[in-house]
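For reference, the structure is listed below as structure tokens.
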Amino acid sequence: MTVVSCTDADDLAATVAHQLRRSLSQLQGDQDRVVQVCLTGGRIANRMYQQLADGQGDNTVDWKRVEFWWGDERFVATESPDRNAGQTLALLAATIPLDPAKVHPMPAEGGLADLNQAAVQYATELGDTRFDICLLGMGPDGHVASVFPDHPSSAASGSVIGVTDSPKPPPERLSLTLSVINKSAEVWLIVAGDEKAPAAARAIAGDRDLPAGRVKGRLRTVWFVDQAAVPSR
């Protein structure tokens, strides 16, 4: 495990964007390689995506060879501003030439599938994909994706689950399970804010009562934190 400490949220967003661009470029050393990336939502992630889009003048990454997935999604209508995918794609697609065939948002409410059918649909689409990099945020309660402590989602099996009675609104969500997240080569947790400091300290110490304390990349786990989230580092 590596902990990368940043001065504040702006520095955190810029640091993760720079490291993500650098890692994607390195992974694409093999000219035929398509890099698999799992995205997260949230305010600090969106600030990072904005930094990534703003830095598009650095053309070291072949974005046509990057495949994007999502770790979780709010099960709301496609046009809802609450959807993670809508916010993320609005930021990235402004300057980054994404390949639509390699962008995999989770199903939305109002389609042909109910919540559980949507989970099966996304699990089928995902198949046996393993992420090169899985980005995660963390809530003040220590949840990651839509896997919450002391909640059935925390012990769920399979690859994609429908989450009901979410402790954080909206109540219905789709989420990857911890077992799928932990098959990633690298897991990056991006955490900012003093309200998350207690959970961050516990999770970094390996507290398995928190979902964030149970995630681990096969090759590498990196915590990107600002000084408010982990003031002692």
Side-chain angles (χ1 to χ4, degrees), residues 1 38-46 69-77 80-85 87-88 104-111 113-126 129 131 134-184 187-218 221 223-225 229-230:
M1 178 189 295
C38 184
L39 300 174
T40 186
R43 287 174 296 177
I44 189 62
N46 285 339
W69 305 84
W70 269 262
D72 75 321
E73 185 58 272
R74 296 145 179 174
F75 196 58
V76 293
S80 171
D82 288 335
R83 268 182 67 85
N84 291 327
Q87 298 176 45
T88 301
H104 304 273
M106 288 181 162
E109 182 187 39
D114 64 19
L115 180 65
N116 290 327
Q117 290 170 333
V120 172
Q121 179 181 322
Y122 202 68
T124 301
E125 187 172 355
L126 181 66
T129 301
F131 309 121
C134 179
L135 305 176
L136 295 173
M138 186 198 72
D141 61 353
H143 82 266
V144 293
S146 286
V147 178
F148 296 91
D150 301 317
H151 186 271
S153 56
S154 188
S157 58
S159 60
V160 183
I161 55 172
V163 177
T164 58
D165 298 321
S166 165
K168 181 180 179 181
E172 291 193 336
R173 295 159 172 258
L174 292 165
S175 182
L176 301 184
T177 60
L178 294 182
S179 63
V180 169
I181 291 170
N182 287 341
K183 290 177 183 176
S184 307
V187 171
W188 297 8
L189 294 107
I190 310 166
V191 182
D194 56 5
E195 75 279 7
K196 299 181 180 180
R202 290 174 57 191
I204 290 172
D207 187 341
R208 296 185 60 82
D209 287 337
L210 302 181
R214 293 165 56 194
V215 294
K216 182 179 181 182
R218 290 183 294 108
T221 307
W223 285 78
F224 292 92
V225 298
V230 187

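FYI, the numbering just counts along the sequence from 1.
- A donor-acceptor pair under 3.5 Å is formed between the side chain of E73 and the backbone N or O of A85.
- For R218, the CZ atom counts as densely surrounded, since its 6.0 Å shell holds more than 12 non-hydrogen atoms of other residues, nucleotides or ligands.
- Taking 4.5 Å as the limit, some side-chain heavy atom of N46 sits within range of a side-chain heavy atom of T88.
- One distance of note links CD1 of I181 with SG of C38; it measures 7.0 Å at 0.5 Å rounding.
- Across A229 and A200, no two heavy atoms sit closer than the pair O-CB, 3.9 Å.
- In terms of heavy-atom proximity, H151 sits nearest to P167 at CD2-CD, 3.9 Å.
- Atoms CE and OG1, on M138 and T40 in that order, are 11.5 Å from each other to the nearest 0.5 Å.
- Inspection of the S153 and R173 side chains reveals no N or O donor paired with an N or O acceptor under 3.5 Å.
- Side-chain contact between V180 and L126: present, with at least one pair of heavy atoms (C-beta onward) separated by less than 4.5 Å.
- Between L136 and I190 the shortest side-chain heavy-atom distance does not fall below 4.5 Å.
- Atoms CZ and OG, from F148 and S175 in turn, are 8.0 Å apart once rounded to the nearest 0.5 Å.
- When side chains are defined from C-beta on, W188 does not count as touching W223, because their heavy atoms never get closer than 4.5 Å.
- Here the side chains of L176 and M106 are in contact, with some heavy-atom distance below 4.5 Å.
- The minimum heavy-atom distance between V76 and P170, with the atom names listed, is CG1-CG, 4.2 Å.
- To the nearest 0.5 angstrom, N84 atom CG is 5.0 Å from R74 atom CZ.
- A donor-acceptor contact shorter than 3.5 Å is absent between the side chain of E125 and the backbone of H104.
- Side-chain contact check for S146 and D72: at least one donor-acceptor pair (N or O, by modelled atom type) lies under 3.5 Å.
- Residues T129 and W69 form a side-chain contact, since some pair of their non-hydrogen atoms from C-beta on lies under 4.5 Å apart.
- Smallest separation of non-hydrogen atoms from A113 and F75: O-CZ, 3.8 Å.
- The shortest distance between side-chain heavy atoms of V144 and L178 falls below 4.5 Å.
- We find the CD-OG distance between Q87 and S80 to be 8.5 Å, quoted to the nearest 0.5 Å.
- Closest heavy-atom contact between R202 and D207: NE-OD2, 2.8 Å.
- Counting heavy atoms from C-beta outward, I161 and L174 have side chains that stay 4.5 Å or more apart.
- Under the 3.5 Å distance criterion, the side-chain polar atoms of K216 are left unmatched by any main-chain donor or acceptor of T221.
- Considering all non-hydrogen atoms of both residues, R83 and A77 come closest at CD-O, 3.2 Å.
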Before you tell me yes or no, could you show the steps for I204 and V230 under side chain to side chain contact (heavy atoms under 4.5 Å, CB included), namely the whole-Å CA-CA distance, both residues' side-chain angles and the distance that decides it to 0.1 Å?
CA-CA 10 Å; I204 290 172; V230 187; 4.1 Å; yes

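- Between the side chain of E172 and the main chain of G162, no donor-acceptor pair closer than 3.5 Å is present.
- Counting only distance, with no hydrogens or angles, the side chain of R214 and the backbone of S154 share a donor-acceptor pair below 3.5 Å.
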